Amino acid sequence: MTIKNAFYAQSGGVTAVINASACGVIEAARKHSDKIGTVYAGKNGILGALREELIDTNEFSDETIAKLKHTPSGAFGSCRYKLKCIDEQREEYERLIEVFKAHNIGYFFYNGGGDSADTCLKVSQISETMGYPIQAIHVPKTVDNDLPITDCSPGFGSVAKYIAVSTKEASMDIASMCDTSTKVFILEVMGRHAGWIAAAGGLAANEEGDAPHIILFPEVPFDKAAFLAKVKESVEKYGYCSIVASEGAQLADGSLISGSEHVVDAFGHKQLGGVAPYLASIIKAEHGYKYHWALADYLQRAARHIASKTDVDHAYASGAAAVEFALEGDNAVMAAITRKDTKDYQWHITKADLSQVANVEKMMPTHYISDDGWGITDACREYLLPLIQGEDYPPYENGMPVYAKIEKRLIDKKLPHFEA
């Protein structure tokens with residue numbers, strides 16, 4: 001078997017465990033050094049390939065690579081950059097081939113969400129369309145948990161744990177002060193179209209009356225009058241109202257209640273945010289309640305200190321499996337997590353066809369949302385709970401976590417400059 005080099009890159013919003021996937025890819029490749037030569041990491045995702053900005057991971061010791069498993073963010077840099085189809089932007093694909101040829105790259109591991117799956121699928125088609133042998137394997141990642149086929153998305157379990165814990169702790173705080181002070185707390189969480197992260201807030205509740213009292217899902221159209229009535233009911237019944245609101249919460253016509261739907265990112269997605277202050281303002285105007293709101297934002301996806309061990313294991317195994325799939329000759333597949341039909345939670349990694357993954361979003365099933373639309377069902381709880389199990393604390397020094405710091409030193413370029 002001819003030894004080929006590999007390209008690995010991170011794409012889209014990073015997570016607390018995406019580097020665990022990087023660790024899995026690199027460590028697995030090192031175990032097969034007789035089949036895979038150098039693993040080059042792309043600086044800032046696919047842009048690293050287009051710009052020939054490659055990092056030789058062989059320069060990092062086994063100890064440094066191992067530290068990636070407990071390090072948040074994207075160690076090699078990420079990007080939001082969507083390849084167009086070959087017919088529209090052939091020069092980009094020709095550039096990829098030039099770079100792959102120049103550095104003897106035959107394996108392409110792309111670590112990201114739905115849009116990254118689309119990029120990976122397009123790269124996989126180079127072999128057939130443009131005659132260059134490349135095996136493209138998608139390593140799943142997304143905090144939104146909206147990738148299809150896979151039982152869950154690496155990155156989600158840790159966000160779910162963070163949101164569940166934060167909801168519980170903040171709600172205990174407001175409960176202790178509500179008699180004479182704040183009566184409403186709103187936590188705004190990520191979730192563009194799917195309410196998985198918001199649903200995780202529901203894990204904070206153990207019995208009737210526990211917070212959160214209201215969860216706003218993108219899948220449930222927002223009814224202002226019903227919402228305000230529910231807030232009042234909760235305050236009168238429990239003394240306070242704790243709310244978890246998805247940033248993607250929307251009206252019946254599909255427009256965002258945050259009012260920022262005309263601003264888009266590099267993928268063409270609407271810029272989200274602003275739900276919590278909006279909700280606070282209408283609650284104040286209608287009921288006069290004192291409120292506080294918080295924006296989980298980057299904190300929820302960067303919180304490696306409280307990562308789910310299950311999630312870390314998922315992320316690492318997905319990266320390692322991607323290498324095994326490539327060596328088995330696979331192309332255009334994703335390393336998917338499959339839940340076994342057992343009483344206790346068990347899982348394994350299987351292959352998913354990328355054509356069934358790219359640009360497909362997995363929404364919250366209807367039976368996971370309570371009949372009144374404000375909470376989660378027992379079925380949802382049963383699905384979510386295993387994903388937040390276990391702690392995998394990073395090492396600490398002087399009271400602070402110790403994380404790997406990867407120097408993004410680039411190898412010498414062999415090709416002319418390319419603007420991307």
Side-chain angles (χ1 to χ4, degrees), residues 10 12-21 68-75 77-78 80 112-113 141-146 152-174 182 184-192 194-204 211-212 215-216 218 242-249 258 260 265 269 271-280 291-312 315 384 387-388 390-394 396 399-405:
Q10 301 169 326
V14 295
T15 77
V17 300
I18 189 173
N19 288 331
S21 291
L68 288 176
K69 196 173 181 181
H70 62 253
T71 299
S73 79
S78 186
R80 294 192 184 278
K141 170 253 29 159
T142 176
V143 297
D144 290 334
N145 199 39
D146 58 358
C152 60
S153 303
F156 169 68
S158 295
V159 167
K161 191 178 185 79
Y162 179 90
I163 294 303
V165 171
S166 297
T167 299
K168 189 176 189 70
E169 293 177 339
S171 297
M172 291 176 68
D173 186 300
I174 187 176
T182 305
V184 175
F185 173 71
I186 306 163
L187 178 62
E188 179 179 329
V189 304
M190 289 179 172
R192 183 174 301 280
W196 295 104
I197 299 178
L203 296 178
I215 301 176
L216 296 184
S242 180
I243 303 165
V244 177
S246 173
E247 64 183 357
S258 63
S260 57
D265 64 16
H269 300 314
Q271 183 66 46
L272 304 181
V275 171
Y278 166 75
L279 296 175
Y291 63 81
H292 275 272
W293 59 266
L295 185 62
D297 202 50
Y298 279 14
L299 298 176
Q300 64 199 299
R301 74 185 201 195
R304 182 58 184 81
H305 66 287
I306 196 173
S308 153
K309 186 180 187 306
T310 298
D311 193 30
V312 175
L384 290 172
L387 307 183
I388 69 168
E391 287 68 52
D392 190 66
Y393 299 120
Y396 277 73
M400 291 292 291
V402 179
Y403 295 136
K405 187 173 183 179

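Since the structure is predicted, the reported quantities are computational estimates derived from the model, not experimental observations.
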Novice: Using side-chain heavy atoms (C-beta onward) and a distance below 4.5 Å, is Lys161 in contact with Glu391?
Specialist: yes

Novice: Would you give the length of the straight line joining atom CZ of Arg304 to atom OG1 of Thr15, rounded to the nearest 0.5 angstrom?
Specialist: 9.5 Å

Novice: Taking the side chain as every heavy atom from C-beta outward, state whether Ser73 and Asn19 have any pair of such atoms under 4.5 Å apart.
Specialist: yes

Novice: What pair of heavy atoms forms the shortest contact from Asp311 to Pro154, and how long is it?
Specialist: OD1-CA, 3.5 Å

Novice: Taking the side chain from Glu247 and the backbone from Gly191, do they hold a donor-acceptor pair closer than 3.5 Å?
Specialist: yes

Novice: To check you understand the geometry: which heavy-atom pair defines the closest contact between Ile163 and Ala296, and what is its length?
Specialist: CD1-CB, 4.0 Å

Novice: Using the test side-chain contact (heavy atoms from CB on, under 4.5 Å), find all partners of Ser153 that sit at least two apart in sequence or belong to another chain.
Specialist: Thr142, Asn145, Leu147, Thr150

Novice: If we ignore hydrogens and angles and just use 3.5 Å, is the side chain of Ser158 paired with the main-chain N or O of Ser308 as donor and acceptor?
Specialist: yes

Novice: Compare all side-chain heavy atoms of Leu384 with those of Phe156 and state whether any distance is below 4.5 angstrom.
Specialist: yes

Novice: To the nearest 0.5 Å, tell me how far Ile388 CD1 sits from Tyr162 OH.
Specialist: 14.5 Å

Novice: Would you call the rings of Tyr403 and His70 parallel, tilted or perpendicular if under 30° counts as parallel and over 60° as perpendicular?
Specialist: tilted

Novice: Can you find a heavy atom in the side chain of Ile197 that is under 4.5 Å from one in the side chain of Gln300?
Specialist: yes

Novice: State the CE-CG distance between Met190 and Leu295, to the nearest 0.5 angstrom.
Specialist: 8.0 Å

Novice: Would you name the heavy atoms of Ala16 and Ala302 that are closest together and state the gap between them?
Specialist: CB-C, 4.4 Å

Novice: Identify the heavy atoms of Ala204 and Ala164 that sit nearest to each other, and give their distance.
Specialist: CB-O, 3.6 Å

Novice: Enter the distance from Trp293:CH2 to Leu187:CG here, rounded to the nearest 0.5 Å.
Specialist: 11.0 Å

Novice: Would you compute the distance between atom CD1 of Ile186 and atom CD1 of Ile243 and round it to the nearest 0.5 angstrom?
Specialist: 4.5 Å

Novice: Compare all side-chain heavy atoms of Leu216 with those of Leu279 and state whether any distance is below 4.5 angstrom.
Specialist: yes

Novice: Return the minimal non-hydrogen interatomic distance between Pro218 and Ser246, and the atom names on each side.
Specialist: CG-OG, 3.3 Å

Novice: How close do Ser171 and Ile174 get, counting heavy atoms only, and between which atoms?
Specialist: O-CG2, 3.1 Å

